Undergrad: 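My structure is below; once you've seen it, I'll send some questions.
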Amino acid sequence: MKITTVPATLVAALLVSSPLQAQPDTNSAPIAPQLGDATPLPQDTPWPGGTIGLNIDATDTRRAVYSVTETIPVPAGMRELALLLPEWLPGKHSARGQINLLSNIRFTANGQPLEWKRDPLDVFRFVVDVPEGVTEVTAQFMHTSPVTGREGRITMTQEMLNLQWEAMSLYPEGHYTRRIAFKPTVTVPQGWEVFTALDGKARSGDTVTWETVDYETLVDSPIFAGRYAKQWSLDPEVTLDAVADAPKYLELAPENLRTFEKLIDEADAVFGARHFDHYNFLLAMTDRMGGIGLEHHRSSENQYEPEALIDWEKMDWARNVVSHELVHSWNGKFRRPEGLWTPDYRTPMQNSLMWVYEGQTQFWGWVLAARSGLQEKDTVLGMFANAVANYSEGQPGRAWRSVEDTTYDPITNSRRPLPYSSLQRSEDYYVEGALTWLEADQIIREGTRGRKGLDDFAKAFFGKSDGDWGVSTYDFDEIVETLNAIYPYDWAEFLDTRLRQPDQPAPVRGLEKAGYRLVWKDTPNPYAEGRSSSGKSLDLFYSLGVVLDGDGKVSSTLWDGPAFDAGIVNGATIVAVNGDAYSKDVIRDAVTAAKDGSEPITLLVKRGERFDTLEIPYHGGLRYPWIEPVSGGTQGLDRLLAARTK
């Protein structure tokens, strides 16, 4: 980039009207040129070079390396080829392309190396010089999966892999991704099973190919592959495809398999149409590969703890991700906010309607889990209880930040931990969005005397055009119009105040209209107990105002809570309680003993190399949120969670 330096006397002349004093004549003062970073929109035209060949060798599981060879036909006369790595990724709601994991990049033509450079204003863009007469450019590079959690999400272990095409393929700029054709091929370790929603699978030894596919569909069709794998048919168009750390984790009892089958039945009942020709639940039973819950049009990427299928009751709390991601086939993939559909993976996404995309998906994920039996009703009630409690007592940040403003959190924070999430808020469009949709459901049911509910909105809004698995975009006005067609109400004001305005009342009205209320007990609800036990954490958030890991280290602090007021922050470790060495039982007993008393709880706290003795004057006892039906009321929540199919 050329920077022009002008004499200081000229700078002074330009600033004569400024109150700032000009620099001495002896100092140079550069003037910034206009950056050439304006990105033209891609065109809805085919890539003129033809079908791009993509060959990925995924056999090096010991070193966790994917080796990629990509063959890009170029049109006659092209002297410069610009290739992009996807940056703005569907379902991740931000620019999270893994450019840092691409390495050993080389471009050749006719066996000769080609000159290339990275665009300094767009580091996801590679510009390759194409000599005269060249008709095909070959790109060779490696995608290195993280091998420890510190480096990012692990996608390859010695037992399984999760191949995500967008992380290891380049596409030519200037065209809608749906107009760029790819022919994908993957080689996997010997004997591994390969699962994906791609069509036209053919296998020769351990090399698997699929029919030519547009790049948008390719990116939307990830692979799970593994040494230990099993597939179950849930209906003629839907399969559950699982890989595991060991064969024993794939033993799914018939009665538990039935809940996955019923999940499909219940989803059909809600939406009244399908927007896929077939659907694959991709499920990894692992604590070795990184966790994931990601939506796709004809599949989902989900991770369960290894024993989630075989220790069914104990792991009931953890199964909701499957129902959530299934709902996204309708909400988020087929129907999509206009700002979240983009023609390529370079155009920035606009997240403002995520309280529909994710908020109503969260709502239906909970409802369908209960209706299908994928999770016990009491567990789902516990999820509602935790949600209502959080916004009633656990989030002072609601005073300054609206739900809609949290839709930008994936962009501004990239899902990193926050020092004070209760004050800063995080991605609350998921859960507060769900509670808002619960209230909308109850308003409709109350106004129509039970004849209609949010099920009717789901059919009208997400279920239209049976068999269409394209993309249909929407805006705020269409949401309001569809709701009004179900039940006339001031929906624009309802959605605006609850979701777009800060400092609103706690979102408990839907729960109360549904015949339930928030109560506090001294034991965790089923969902909270399962989550805490599995994570080996201790939740004292609504008593002392902290969550602790198994060693007493603080992982979350409630802003203005008792521990916060005493100076305890994330990362500090509670070493002793009232003079006794820390354990979960010791601190729980201390909180219980201090209830209704006058003596403070005394904590020895280590932070860095410093030890402090802190007194916490808390006397409220252990407090965990539950919801319970109101005596004599009408329990609309019970009817909402009841199965619709036999």
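No experiment lies behind these values; they were computed from the predicted model shown.
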Undergrad: Evaluate the criterion side-chain hydrogen bond (donor to acceptor under 3.5 Å, both in side chains) for residue pair E70 and N55; output intermediate values, then yes/no.
TA: CA-CA 6 Å; E70 190 169 339; N55 191 312; over 6 Å; no
Undergrad: Which pairs, with at least one residue in residues 158-171 and sequence neighbours excluded, count as a side chain to side chain donor-acceptor pair (under 3.5 Å)?
TA: R153-N162, T157-E159, E159-R288, N162-E301, Q164-E301, S169-Y215
Undergrad: Checking salt bridge (Lys or Arg N to Asp or Glu O under 4.0 Å) for the pair E211/K183: CA distance, chi angles, key distance, verdict?
TA: CA-CA 6 Å; E211 64 187 32; K183 176 68 175 176; over 6 Å; no
Undergrad: Quick one: do R178 and D44 make a salt bridge, cutoff under 4.0 Å?
TA: yes
Undergrad: Consider only side-chain N and O atoms of T239 and N280, and report whether a donor and an acceptor are under 3.5 Å apart.
TA: yes
Undergrad: Going by side chain to side chain donor-acceptor pair (under 3.5 Å), name the pairs with one or both residues in residues 459-473, residues two or more places apart or in two chains.
TA: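 Counting only pairs at least two positions apart or across chains, the side chain to side chain donor-acceptor pair (under 3.5 Å) contacts touching residues 459-473 are R335-S472.
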Undergrad: On a heavy-atom basis, which atom in F195 and which in L282 lie closest, and how many Å separate them?
TA: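 Result for this residue pair: CB-CD2, 3.7 Å.
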Undergrad: Kindly write out the residues that satisfy salt bridge (Lys or Arg N to Asp or Glu O under 4.0 Å) with E216, not counting sequence neighbours, or none if the list is empty.
TA: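 Counting only residues at least two positions away or on another chain, E216 forms no salt bridge (Lys or Arg N to Asp or Glu O under 4.0 Å).
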Undergrad: Check salt bridge (Lys or Arg N to Asp or Glu O under 4.0 Å) between D268 and all other residues, then give those that pass, not counting sequence neighbours.
TA: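 Testing D268 for salt bridge (Lys or Arg N to Asp or Glu O under 4.0 Å), a comparison that skips the adjacent residues, returns R274.
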Undergrad: Who pairs with D265 by salt bridge (Lys or Arg N to Asp or Glu O under 4.0 Å), at least two apart in sequence or on another chain?
TA: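 For D265, the residues satisfying salt bridge (Lys or Arg N to Asp or Glu O under 4.0 Å) (neighbours in sequence not counted) are R258.
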Undergrad: Indicate the atoms forming the closest heavy-atom contact of E193 with A229, along with that distance.
TA: CB-CB, 3.6 Å
Undergrad: Give every residue pair that meets the ring-ring contact (aromatic ring centres under 6.0 Å, His included) criterion with at least one member in residues 77-118, sequence neighbours excluded.
TA: H93-Y357, F107-W116, W116-F126
Undergrad: Under 6.0 Å between ring centres: does that hold for F224 and W192?
TA: no
Undergrad: Ignoring hydrogens, what is the shortest heavy-atom contact between T407 and S352? Give both atom names and the distance.
TA: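 Reported closest heavy-atom pair: OG1-CA, 3.6 Å.
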Undergrad: Which atom pairs, donor and acceptor, lie under 3.5 Å between side-chain atoms of residues 244-255 and protein residues at least two apart or in another chain?
TA:
from, atom 1, to, atom 2, distance (Å)
D245, OD1, T286, OG1, 2.8
D245, OD2, T286, OG1, 3.2
D245, OD2, D287, N, 3.1

Undergrad: Is it the case that atom NZ in K314 sees more than 12 heavy atoms from other parts of the structure closer than 6.0 Å?
TA: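 No, because the 6.0 Å sphere around NZ of K314 holds 12 heavy atoms or fewer from other groups.
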Undergrad: Can you sort out the partners of D241 under salt bridge (Lys or Arg N to Asp or Glu O under 4.0 Å), two or more places apart, ordered by chain and number?
TA: none
Undergrad: Any chance CD of E136 has more than 12 other-residue heavy atoms, nucleotides or ligands included, within less than 6.0 Å?
TA: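 Count over threshold, so yes.
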Undergrad: V127: which residues meet the side-chain contact (heavy atoms from CB on, under 4.5 Å) condition with it, sequence neighbours left out?
TA: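 V127: side-chain contact (heavy atoms from CB on, under 4.5 Å) contacts with E80, K117, R125.
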Undergrad: Test of understanding: with side-chain contact (heavy atoms from CB on, under 4.5 Å), list the residues that count as partners of V321, not counting sequence neighbours.
TA: N302, Y304, E325
Undergrad: Can a donor-acceptor pair be found, under 3.5 Å and without considering hydrogens, that links the side chain of T361 to the backbone of H324?
TA: no
Undergrad: Take atom CZ of R416 as the centre, draw a 6.0 Å sphere, and report whether it contains more than 12 heavy atoms from other residues, nucleotides or ligands.
TA: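 Yes, the 6.0 Å shell around CZ holds more than 12 heavy atoms from other groups.
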Undergrad: Considering all heavy atoms of both residues, which atom of R644 and which atom of A269 are nearest to each other, and what is their separation?
TA: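 R644 and A269 have their closest heavy atoms at CB-CB, 4.2 Å.
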Undergrad: State which residues pass side-chain contact (heavy atoms from CB on, under 4.5 Å) with A458; sequence neighbours excluded, sorted by chain then number.
TA: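 Partners of A458 under the side-chain contact (heavy atoms from CB on, under 4.5 Å) test: V270, F271, W364, F462.
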Undergrad: Is a donor on one side and an acceptor on the other found under 3.5 Å between the side chain of S323 and the backbone of L368?
TA: no
Undergrad: Distance-only, no hydrogens or angles: does the R203 side chain make a donor-acceptor pair with backbone N or O of G205 under 3.5 Å?
TA: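 Yes, the answer is positive, given that a donor and an acceptor are paired below the 3.5 Å cut-off.
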Undergrad: With a 3.5 Å distance limit and no angle check, can you tell me whether H175 reaches the backbone of P46 through a side-chain donor-acceptor pair?
TA: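 Yes; at least one donor-acceptor contact below 3.5 Å.
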Undergrad: Measure centre to centre between the rings of Y474 and F461, then say whether the value is under 6.0 Å.
TA: yes
Undergrad: Applying salt bridge (Lys or Arg N to Asp or Glu O under 4.0 Å), run through R79 and D129 and close with a yes or a no.
TA: CA-CA 6 Å; R79 302 302 300 274; D129 292 336; over 6 Å; no
Undergrad: Between H278 and V238, is there a donor-acceptor pair closer than 3.5 Å when you use the side chain of the first and the backbone of the second?
TA: no
Undergrad: Would you please say whether a donor-acceptor pair under 3.5 Å links the side chains of T406 and Y430?
TA: no
Undergrad: Would you kindly say whether D344 and T347 are connected by a side-chain donor-acceptor distance under 3.5 Å?
TA: yes
Undergrad: Which heavy atom in I99 sits nearest to a heavy atom in R118, and how many Å separate them?
TA: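 I99 and R118 have their closest heavy atoms at CG1-NH1, 3.6 Å.
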Undergrad: Would you find a donor on one side and an acceptor on the other, under 3.5 Å apart, between the side chain of S221 and the backbone of T217?
TA: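 The answer is yes, because a donor-acceptor pair under 3.5 Å joins these two groups.
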Undergrad: In terms of side-chain heavy atoms, does N104 have a donor or acceptor partner in R106 at a distance below 3.5 Å?
TA: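 Looking only at side-chain atoms, R106 and N104 do form a donor-acceptor pair, the distance falling under 3.5 Å.
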Undergrad: Would the distance check show the side chain of E151 and the main-chain N or O of T148 forming a donor-acceptor pair, the cut-off being under 3.5 Å?
TA: yes
Undergrad: Taking M289's backbone N and O only, do any of them form a donor-acceptor pair with Q303's side chain (distance below 3.5 Å, no angle check)?
TA: no
Undergrad: With no hydrogens and no angle check, is any side-chain donor or acceptor of T187 less than 3.5 Å from a backbone partner on D206?
TA: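 No, T187 side chain to D206 backbone: no donor-acceptor pair under 3.5 Å.
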Undergrad: State whether a side-chain donor-acceptor pair under 3.5 Å links E266 with T645.
TA: yes
Undergrad: For the pair R531 (side chain) and Y527 (backbone), establish whether a donor and an acceptor sit closer than 3.5 Å, ignoring hydrogens and angles.
TA: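 Pair absent, no side-chain N/O of R531 close to backbone of Y527.
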Undergrad: For E87, which residues count as a side-chain contact (heavy atoms from CB on, under 4.5 Å) partner, sequence neighbours excluded?
TA: A95, D122, F124
